[in-house]
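Values in this document were obtained by computation on a predicted structure and should not be read as measured data. Naming: A, B, ... by sequence-line order, numbering from 1 per chain.
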2 protein chains.
Amino acid sequence: MTAAANQNGRRATASRRLERAGIRDVAAAAGVSITTVSDALNGKGRLPDETRSRVREVAERLGYRPSAAARTLRTGRSGLIGLTVTTYGEEPFTFTEFAYFAEMARAATSAALGRGYALVVLPASSRHDVWSNIALDGTVVIDPPDQDPLVTELYRSGVPVVSDGKPGNCPVTAWVDNDHEAAVLNILEHLSEAGARRIGLLTGTSTDTYTRLSTEAYLAWCDRVGQEPVYEAYPAHDPAAGAVAADRLLARPDRPDAVYGLFDPNGTDLLAAARRYGLRVPDDLLLVCCSESDVYANTEPPITTLSLKPRRIGTTVVNLLIDAIEGVDAGTGTATGRLFPPRYRTAGTGPPPGTLMPTELLVRASSQRRTPRTTVSPPRAPGEG
Amino acid sequence: MTAAANQNGRRATASRRLERAGIRDVAAAAGVSITTVSDALNGKGRLPDETRSRVREVAERLGYRPSAAARTLRTGRSGLIGLTVTTYGEEPFTFTEFAYFAEMARAATSAALGRGYALVVLPASSRHDVWSNIALDGTVVIDPPDQDPLVTELYRSGVPVVSDGKPGNCPVTAWVDNDHEAAVLNILEHLSEAGARRIGLLTGTSTDTYTRLSTEAYLAWCDRVGQEPVYEAYPAHDPAAGAVAADRLLARPDRPDAVYGLFDPNGTDLLAAARRYGLRVPDDLLLVCCSESDVYANTEPPITTLSLKPRRIGTTVVNLLIDAIEGVDAGTGTATGRLFPPRYRTAGTGPPPGTLMPTELLVRASSQRRTPRTTVSPPRAPGEG
DNA sequence: CGTTCATGGAGAAACGTATCTCCGGCCTCC
DNA sequence: GGAGGCCGGAGATACGTTTCTCCATGAACG
């Protein structure tokens with residue numbers, strides 16, 4: 001009552017616009033102070049249930065919706081986390097076309113929502129600087145290259161950053177990655193057991209973590225078992241280049257009798273190339289590729305794929321990020337933990353905590369010499385020659 | 001200089017925390033007022049270039065980043081637009097698994113970024129109320145059902161809403177939809193020309209616009225040409241139900257000799273069902289389904305698909321929404337148009353402006369009796385009688 | 001009967017920006 | 001020589017919350 005006139009004084013003098021009801025209007029209507037309204041609505045403070053419910057009722061009646069902007073300004077929390085991929089640089093969203101990123105982004109969105117956050121996908125750079133216009137509580141960065149300026153900038157300005165892909169040389173809060181080395185070794189071993197004598201690799205020319213680690217693991221394995229490396233690298237961006245590289249690989253004088261392709265389209269490309277050269281899969285050529293697509297379950301023959309389990313990655317990354325956001329106030333390093341005590345361990349000093357997630361090898365006909373079903377197909381004539 | 005002490009007084013008395021530089025710090029360091037800093041950085045006001053560049057330089061040196069939260073509070077614009085689908089209700093993100101939604105969302109995100117906005121995907125409802133925590137300049141709603149409470153609430157609170165799918169009975173700012181009627185008629189005509197005598201439909205039980213309009217168009221066509229409708233409806237959510245429905249359709253005594261399936265998996269399901277019943281495609285059964293997937297280019301036989309061109313839809317919807325946001329101040333209806341004059345026509349009163357977008361029929365072997373390559377199949381017996 | 005607590009709540013200070021209003025000075029023009 | 005017009009910029013206010021601080025009241029307790 002007494003407060004009403006006071007609180008509304010300013011508004012009353014202003015124009016009589018029919019705006020949305022503010023917290024002051026609720027306070028006036030309920031005959032309490034705005035403090036009480038805020039406390040009642042947010043479940044804080046010490047208030048008798050009667051007052052609480054009365055205030056809630058009035059707020060409901062007035063159709064009061066708290067201003068997210070004001071709340072964000074006051075609390076410093078926006079409930080928004082960003083997701084971006086910096087590696088593939090300029091062109092926005094070519095990346096979402098990769099099944100891995102699409103699925104990962106979906107899982108990340110879902111995980112964020114499950115914890116009350118919303119996720120916004122942002123490009124590494126754009127004309128309008130969207131980044132500076134949006135209050136972010138934290139950011140997930142997919143596969144940041146060494147010395148990524150964006151990551152450095154974000155981290156320096158106090159925004160927690162969690163990366164998918166072990167970061168090269170950027171300061172991140174935490175990171176998650178597949179155990180690429182284990183995955184590649186597992187595949188090579190699998191192919192060896194299936195009878196492969198010379199295993200080739202179809203890899204990329206870019207320097208992202210995935211490509212680099214996988215290739216290194218392959219080379220190390222070759223070195224260890226004494227096989228001469230047989231690989232072709234191509235720019236993974238270019239869909240046409242993949243087919244050419246697959247062809248090149250099978251055209252080599254030291255043609256491999258088994259191939260692992262690092263990228264999604266490699267399976268069909270290699271299959272097509274094999275067909276051109278009259279190579280039967282899996283009889284003459286064992287095939288494995290990394291893919292999240294289930295079309296490889298229905299190709300002829302079905303192709304063994306390595307799944308990076310992007311959903312699991314996306315979920316983990318987001319949870320790690322939100323833990324960091326809610327655990328410590330990143331800027332000053334002072335633990336706030338009032339409302340949200342850190343439920344997971346929080347990184348102290350030292351290297352950022354990383355988590356390695358396992359991959360999954362879906363073994364299909366293309367990487368097994370003895371297929372269960374006996375086929376009646378006659379030996380095919382060599383390709384197109 | 002003189003201003004510096006004043007402006008910083010408050011901050012100086014506060015704790016000496018090493019926070020991010022604010023606009024006041026920049027003003028103090030540059031020896032100007034915060035007004036000048038704001039104007040210089042935002043390209044407004046009348047300032048000599050020398051001052052402008054000096055302020056920019058100081059801001060850069062201090063690593064000044066304007067607070068997005070404060071800007072949002074002040075300007076009432078967050079640069080954020082929401083994307084949600086309400087029809088499929090409770091479960092978040094089952095929808096993104098449909099290729100249509102995934103592609104549409106991708107295009108929408110890209111279009112938004114292209115105009116300086118970020119897009120955040122939100123569920124129709126969730127435990128934590130993410131909606132109220134986020135300042136949205138507008139929202140894209142996919143296929144709102146009649147009387148959608150969310151849409152009504154949004155619209156009432158002054159947030160522009162543009163829907164993908166003609167809205168049943170909700171007040172929206174604008175809407176975009178495919179011309180489903182034309183699409184279905186086109187398909188039926190195409191099938192007729194290919195020799196179909198009795199065309200069946202695989203449809204859904206839900207009441208969304210797409211399903212409803214398509215089914216109605218089918219029924220109307222049947223009525224017009226004097227064919228008895230032959231269709232099966234199933235809950236489109238349930239992937240298993242689709243296969244069962246496809247089977248049911250082909251098991252009917254009045255078995256159709258051509259089928260159009262409204263949903264993505266119908267193609268493979270129908271193909272499998274046809275195989276079970278010993279029906280050859282396209283010889284005994286013509287097939288078309290609505291899908292955005294290109295796997296149907298490689299099935300045996302390739303299946304004719306209807307594409308709803310989700311990318312085009314997503315782009316259009318977002319552009320319409322942003323036009324509305326920048327065109328008029330939705331709450332009061334007063335045109336602000338200071339910075340952003342309405343470039344497109346703005347809806348006055350009356351029904352919300354809607355746009356119908358064409359679809360695209362990708363004709364493949366499954367819907368053509370005479371395939372280019374000469375087949376050796378014998379002439380078929382008429383109908384089934 | 002005086003002191004301490006717990007209860008219920010009010011006041012006011014931020015949060016950091018954009019922008020409206022206004023002011024002094026200088027130039028120009030009659 | 002005075003009056004207006006333009007330039008460059010300062011002051012102050014408002015955006016709508018959250019939250020820190022503090023006060024009044026009564027009850028409990030010695």
Side-chain angles (χ1 to χ4, degrees), chain A residues 1-4 6-11 13-15 17 19-27 30-52 54-55 64-78 132-133 135 336 338-339, chain B residues 1-4 6-11 13-15 17 19-28 30-52 54-55 59 64-78 132-133 135 336 338-339:
Chain A
M1 287 302 198
T2 64
N6 252 346
Q7 296 294 348
N8 258 19
R10 191 179 45 184
R11 170 158 296 227
T13 63
S15 66
R17 283 181 295 175
E19 304 266 2
R20 279 173 46 194
I23 197 175
R24 278 189 304 274
D25 303 310
V26 178
V32 295
S33 73
I34 60 173
T35 304
T36 304
V37 174
S38 178
D39 284 348
L41 263 37
N42 295 336
K44 300 189 176 177
R46 310 164 310 212
L47 296 177
D49 286 346
E50 190 272 328
T51 304
R52 227 175 263 278
R54 181 163 47 90
V55 168
Y64 168 69
R65 294 284 175 272
S67 151
R71 173 176 295 167
T72 298
L73 177 59
R74 180 62 231 241
T75 63
R77 283 262 194 14
S78 66
S132 66
N133 264 331
T336 54
R338 207 184 349 266
L339 282 175
Chain B
M1 285 302 198
T2 65
N6 254 346
Q7 297 294 349
N8 258 17
R10 192 178 47 184
R11 169 159 297 228
T13 63
S15 67
R17 284 181 293 176
E19 305 265 3
R20 280 172 45 194
I23 197 176
R24 278 188 304 274
D25 303 311
V26 178
V32 295
S33 73
I34 59 174
T35 305
T36 305
V37 174
S38 178
D39 284 348
L41 262 37
N42 295 336
K44 301 189 175 176
R46 310 164 310 210
L47 297 176
D49 287 346
E50 190 271 330
T51 303
R52 229 175 263 278
R54 182 163 47 91
V55 169
Y64 168 69
R65 294 284 175 272
S67 152
R71 171 176 297 168
T72 298
L73 177 59
R74 180 63 230 247
T75 62
R77 282 259 194 17
S78 67
S132 66
N133 265 330
T336 55
R338 208 186 346 269
L339 282 174

*Asks:* If you look at every heavy atom in B/A135 and A/A69, which pair is closest and at what distance?
*Replies:* CB-N, 4.2 Å
*Asks:* Just checking B/T72: base, sugar-phosphate only, or nothing, at a heavy-atom cut-off of under 4.0 Å?
*Replies:* nothing
*Asks:* Could you check A/D39 against B/S67 and say which one's nearest nucleotide on DNA chain C is further toward the 5' end?
*Replies:* A/D39
*Asks:* Is a donor on one side and an acceptor on the other found under 3.5 Å between the side chain of A/S38 and the backbone of A/I34?
*Replies:* no
*Asks:* Hey, is the main chain of B/D39 close enough, under 3.5 Å, to the side chain of B/R52 for a donor-acceptor pair?
*Replies:* yes
*Asks:* Give the nucleotide from the list D/dG9, C/dA12, D/dG16 with an atom nearest to the side chain of A/I34.
*Replies:* C/dA12
*Asks:* Expressed as a whole number of angstroms, how long is the span from A/N133:CG to C/dT17:P?
*Replies:* 13 Å
*Asks:* What's the closest nucleotide to the side chain of B/A70 if the choices are D/dA10, D/dT19, C/dG16?
*Replies:* C/dG16
*Asks:* If we only count heavy atoms from C-beta on, is the A/T72 to B/T72 side-chain gap below 4.5 Å?
*Replies:* no
*Asks:* For B/L73 and for A/S38, locate the closest nucleotide of DNA chain D by heavy-atom distance; then report the residue assigned to the nucleotide nearer the 5' terminus.
*Replies:* B/L73
*Asks:* From CG of B/L41 over to P of C/dT17, roughly how many Å is that when rounded to an integer?
*Replies:* 10 Å
*Asks:* Is the shortest side-chain N/O distance from A/T36 to OP1 or OP2 of C/dA10 below 4.0 Å?
*Replies:* yes
*Asks:* Distance check needed: C/dG16 P versus B/R77 CZ, whole Å only.
*Replies:* 24 Å
*Asks:* Rounding to a whole Å, what distance do you find between A/R24:CZ and D/dA14:C1'?
*Replies:* 9 Å
*Asks:* What integer distance in Å separates B/K44:NZ from D/dG8:C1'?
*Replies:* 18 Å
*Asks:* Tell whether B/T35 reaches the base of D/dG11 with its side chain through a donor-acceptor pair below 3.5 angstrom.
*Replies:* yes
*Asks:* So B/R71, base contact, sugar-phosphate only, or nothing? Heavy-atom distance under 4.0 Å.
*Replies:* sugar-phosphate
*Asks:* Could you tell me the separation between the CG atom of A/N42 and the P atom of D/dG16, rounded to a whole number of Å?
*Replies:* 17 Å
*Asks:* Is there a donor-acceptor pair closer than 3.5 Å between any side-chain N or O of B/R54 and the backbone N or O of B/A30?
*Replies:* yes
*Asks:* Expressed in angstrom and rounded to an integer, what is the separation of B/D25 atom CG from C/dC15 atom P?
*Replies:* 11 Å
*Asks:* Could you please name the option among C/dC15, C/dT17, C/dG9 that lies closest to any side-chain atom of A/P48?
*Replies:* C/dG9
*Asks:* Hey, which sits more toward the 5' end of DNA chain C by its nearest nucleotide, B/R65 or B/R46?
*Replies:* B/R65
